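Owing to the predicted nature of the structure, the values given are computational and were not obtained by experimental measurement. One-based numbering, in listed order, for ligands and for the atoms of each.
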Amino acid sequence: MLTLGINYSQMHDSSACIVRDGELVFAVAEERISRVKHDAGFPKNAIRACLDFANVRAEQLDEVCFGWQTAGPVFRHDLKCYATGRMPLTYLNGLNSTLHFFSMWHQENGAKKFSQQFGPTMAKMRFVDHHLAHAISAYAYSGFDEAAVVVMDGRGAWEATTIWHGHNGRLDPVLMIPFPDSVGYFYSTFTEFLGFQPNSDEWKVMGLAPYGKPGLDLSPFIDLKAAPYRVHTKQLIANGAAPFASMKTFLGPARMAESEIDERHKDIAYAVQDACEIAMLSVVRMAIEKTGCRNVCLAGGVALNSKANGKIATSGFVDKMFVQPAASDDGVALGAALAPYLDDNGRLPNKAMRHGYWGPCFSDEAVESALRTYKLRYMRLPDPASAAAELLAQGKILGWFQGRMEFGPRALGSRSILADPRDPEMNAKVNNAVKFREWWRPFAPSLKKEAAGEYLESAADSPFMILTAQVRPEKRAVIPSVTHVDGSARPQTVEKEINPLYWRLIDEFGKRTGVPVIMNTSFNLRGEAIVHTPTDAIRTFFSSGMDALVIGSFLVEK
Ligand SMILES: [Fe+2]
């Protein structure tokens, strides 16, 4: 069976993947190809890339599976929320809901767009419940026979939080908390209140949180004593008055974008992150109680909160944990594409996902052709890993472009900017010269899996940078530029069998410095999508303060 999975909701992170006989073949987010960050448009480029990679035509597909129900249920749920007063019916809310409905309805929820772009197909068009698609994306790639599966995001058609019991290749629904009682909505509203982009910049709030102090009361907005939590949505919504009216009453004025960060903003970030962690722990605890299973799978945008994930993993009530690395809506394509396997009492395939390299790759010929096009001086490297390690040991900031692009928000050694984590100034250097991003956002380490125990108190198996761990106190001064202010790090443990080239780079760096750890951040400039093609990489390299670019087998230096 050949299935195409699609995320398309006009909300954010459109994506596509292709699955052959239950095995994921290829996946890519539309933003990487279109270069529009969090692109919410119909993912025609991503679908084309899937078909090209798998070398199939649209008419050969058995099913095209969308990770959302049709527009009707979304609209009906919104109307119900307005009618019952759970969401205030403002002019803007009502207009948005109506426009979204008519736009999706007109496009037959993406099916019409698909046939317009790719011609007629006999493939069945399937619209999968959004949280079921998230749940499959966690459970069916976990490798666990049995799991308590938790999905938390901004919203599905009607869901905000769901619990599932995964066993024997099936997913039984256990609990559903409807939108707008949503931890994702709570977090994204505060993200906007703090002057950042909602559904995009939640990382910034998480990174800012450790600079704040405890004590701020957010109980008007979220009840953490209710089991498992209760979001007071009406307090978060403008309620027909000025934006953030209630929030301003309790917390003071909202922060203007790009303005100074003061102590109050830090304290709000602290309180929001703390509330999110308590709510997530509470939901996971409930999932374990209700399913009787201590293996936990997480998905949904809230599960990108690596700090909370780290706390769950070390809470003592979880045995094994798998967080779908593409936890946000890009990942529902992965789940939707497997949904047909549940038909007729069928079972999901279940294979542990051990890496994120599901995207496009470029041959050395394609790379060299791009280098020639731009008339660049370059040299061919006999051993790119060792040359890169040498440059890093000299303190150079490096662009690293190799192999298949990562699926999900993190660069994991295919499209990465690398640097020496031992230099306490490196964080500021990379921030100022390359990433041009906020001073408080931490950088993450990639380390040999064999060295994880030596450097970290937990997270010995963390291939996706999706949970934080405490750096051992005696190692914090050894890798200061990847240790956050609270002693935490968001590690990627790199296995030799999974990514031999990247593992060897770190190994070679370790041989030269005694520290088998490197700083790894995504290969992009602030506000841009991670680079996709050699041209994207070259353009980004020359638009920044990077010193060298190792791209395929080639080295470009400034
Ligand atoms: Fe979602």
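- Atoms of the protein (N, O or S only) found under 2.8 Å from the Fe ion (ligand 1) are His130 NE2, His134 NE2, Asp153 OD2, Asp329 OD1.
- Using bins of under 30°, 30° to 60° and over 60° for the plane-to-plane angle, the ring pair His134/His130 lands in the perpendicular bin.
- Scanning for salt bridge (Lys or Arg N to Asp or Glu O under 4.0 Å) contacts around Asp39 gives an empty result, with sequence neighbours left out.
- Classification of the Phe42-Tyr8 ring pair by plane angle, with boundaries at 30° and 60°, yields perpendicular.
- Here the CG atom belonging to Asn109 is positioned 5.5 Å from the CE atom belonging to Met104, to the nearest 0.5 angstrom.
- Using cut-offs of 30° and 60° for the angle between ring planes, the His77 and Phe179 rings count as tilted.
- Ser306 and Asn309 are not linked by any side-chain donor-acceptor pair at a separation below 3.5 angstrom, with hydrogens and angles left out of the test.
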